[in-house]
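Comments concern the structure below.
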Number of protein chains: 2
Amino acid sequence: MSHTLGVRQAQKQKTRRALLDAALGLLEGQSLSSLGLREVTRAVGVAPTAFYRHFRSTADLGVALVEEALGSLHPTIRTTVSTTGDSEERIARAVELIADHVDAHPAHVRFIARERHGGVQPVREAIREQLARFAGEVGEALAEDPVSAGWSEDDRLMLAQLYVDQMLVTASLFLEALEAGTEAEAGPRKREQERERVTRLATRQLRLIGIGRRHWLDGPAGDGLAAS
Amino acid sequence: MSHTLGVRQAQKQKTRRALLDAALGLLEGQSLSSLGLREVTRAVGVAPTAFYRHFRSTADLGVALVEEALGSLHPTIRTTVSTTGDSEERIARAVELIADHVDAHPAHVRFIARERHGGVQPVREAIREQLARFAGEVGEALAEDPVSAGWSEDDRLMLAQLYVDQMLVTASLFLEALEAGTEAEAGPRKREQERERVTRLATRQLRLIGIGRRHWLDGPAGDGLAAS
DNA sequence: AATTCCGGAGAACAGTTGTTAACTGCATGG
DNA sequence: CCATGCAGTTAACAACTGTTCTCCGGAATT
């Protein structure tokens, strides 16, 4: 099997990595649709034409970045959702997991949030596809949870999508909190505060959704309260 | 009062409008950070330098677009949230209102979704500010709703933010549904189907949130079910 | 050991970009 | 009616873009 890959392909993948990393760095201050091919190669210290040996265009590179940012996340999400324990504990663990992920890979998170609705169609498509996979997997995990016993698959999927979107919203908030501490002199003091604020907010939002989930099958007339 | 504005300023606002409209059109296929000043003026049929008579930069134009897209939406949202009636009816009305707004102003919706996390900081800021105002107003409206009686302001605001984010997610889905019917031969048949699908999805998600809302104060141990 | 393969370099292309300066014509206010 | 103000024009600038073609050197294959 893995026969150490040869000096040739090793170097190739090395500059490929350099291109991806440089692009990700440059994308902190702009969107993909304005990222120039030359800009990337210049940052790496390589000739513009070398770019074509790895990607057809910057859009192509963007799709590769999507794979890198979301592709390896599927097992993590699966195990997080289908973990056992008290409802409160599971929420706390999920929120903490999101916060840690944003801390570890802020550029990836920013890239996904930015390009999900960005100006490059193939990239939007790639993100949509990955998120749909997430929703499908969360939906499957919900099927094995007694709280969702008796739910139709349609309902499980609508909740799964709610969870996935909520995850993205929360990740984006954590990212903003991270950046709030990088604003000149504001210092890591405010960053900590903001992080705590987002944690509390996301936790309570997930809690409310969880409550709605537990009473979903109480019956259409079982809510006992008319609104106003 | 309004003394017919003079021929001079009338013409100025006319080209200003043309610039804004042309930019909005061009932004359907790219993001603001890649929108060129010359590109806009060329689309209008005006000299590049004329741009400076109206905006300092394309970022400036973007901020103006944010105002235009969200500024006039505050009264609509306020009345929608604090409308009376059955919970189901209110949800249906809200979803329909979102769908109609996307139909009427698709370019505005796409712009906001795209630039909310886009590469131009002042525009992100402007959007964040408007959405925060929305959340605040929804929070106030919730205070006058008996369903949220006894809620802390903090809790009202966390629900309001959940509603606002959910509104944006739903609007974005309706926009995708709209575009699904513009893909070559797919025809308005699929568009209608997709629109119905999104309507059903958003309705049930709001329903679940509403259920969670009604049971929010049932007490921390009142959920009667342990999760797995 | 000789030959093929291929990642990267170099130079050149036509076209684009934002910004400056000095101008023109016309509605406006005195 | 004349002088001012100002939206829009014209021309030019240096810098940048994506893409093509030709070439080089060294690893990979035979």
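Only this structure's heavy atoms are used, side chains among them; waters, hydrogens and symmetry mates stay out. Proteins come first, then strands; the chains are lettered A, B, ... in the order of their sequence lines, and each starts at number 1. Quick caveat, the model's predicted, so the values are computed rather than measured.
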Could you pull out every donor-acceptor pair under 3.5 Å between side chains of residues 125-132 of chain A and any protein atom, sequence neighbours left out?
unit_1	atom_1	unit_2	atom_2	d
A:E125	OE2	A:R128	NH2	3.1
A:Q130	OE1	A:H74	NE2	2.8
A:Q130	NE2	A:E67	OE2	3.3

Name each donor-acceptor pair under 3.5 Å that joins a side chain in residues 42-51 of chain B to protein atoms two or more places apart or in another chain, with its distance.
none

Below 3.5 Å, can you tabulate the donor-acceptor pairs from side chains in residues 156-165 of chain B to any protein atom, sequence neighbours excluded?
unit_1	atom_1	unit_2	atom_2	d
B:D165	OD1	B:R116	NH1	3.4
B:D165	OD1	B:R116	NH2	3.1

Side-chain donor-acceptor contacts of residues 12-23 of chain B below 3.5 Å, not counting sequence neighbours, with atom names and distances?
unit_1	atom_1	unit_2	atom_2	d
B:T15	OG1	B:K12	O	3.0
B:T15	OG1	B:H54	NE2	3.2
B:R17	NH1	B:E68	OE1	3.2
B:R17	NH2	B:D21	OD1	2.8
B:R17	NH2	B:E68	OE1	3.4
B:R17	NH2	B:E68	OE2	3.1

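Per the geometry, CZ belonging to B:F55 stands 14 Å off C1' belonging to D:dA7, to the nearest Å.
Annotation: side chain to side chain contact (heavy atoms under 4.5 Å, CB included) contacts of B:R207 (sequence neighbours excluded): A:W216, B:E88, B:I91, B:T203, B:R204. With sequence neighbours excluded, the residues that form a salt bridge (Lys or Arg N to Asp or Glu O under 4.0 Å) with B:R93 are B:E89. Under the salt bridge (Lys or Arg N to Asp or Glu O under 4.0 Å) criterion, B:E28 pairs with B:R110, sequence neighbours left out.
Residues from residues 13-45 of chain B that place a heavy atom under 4.0 Å from any atom of DNA chain D, listed by number: B:T15, B:R38.
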Which pairs, protein N/O on one side and nucleotides 20-26 of chain D N/O on the other, fall under 3.5 Å?
unit_1	atom_1	unit_2	atom_2	d
D:dG26	N2	A:R8	NH2	3.4

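Each salt bridge (Lys or Arg N to Asp or Glu O under 4.0 Å) pair with one or both residues in residues 43-54 of chain A, not counting sequence neighbours, would appear here, but there are none. For residues 9-50 of chain B, the set of pairs meeting the ring-ring contact (aromatic ring centres under 6.0 Å, His included) definition, not counting sequence neighbours, is empty.
If you check every strand for non-hydrogen atoms under 4.0 Å, B:A47 touches a base.
On the nucleic acid side, DNA chain C contacts chain A at distances under 4.0 Å to non-hydrogen atoms, with the end points of that region at C:dC5 to C:dA12.
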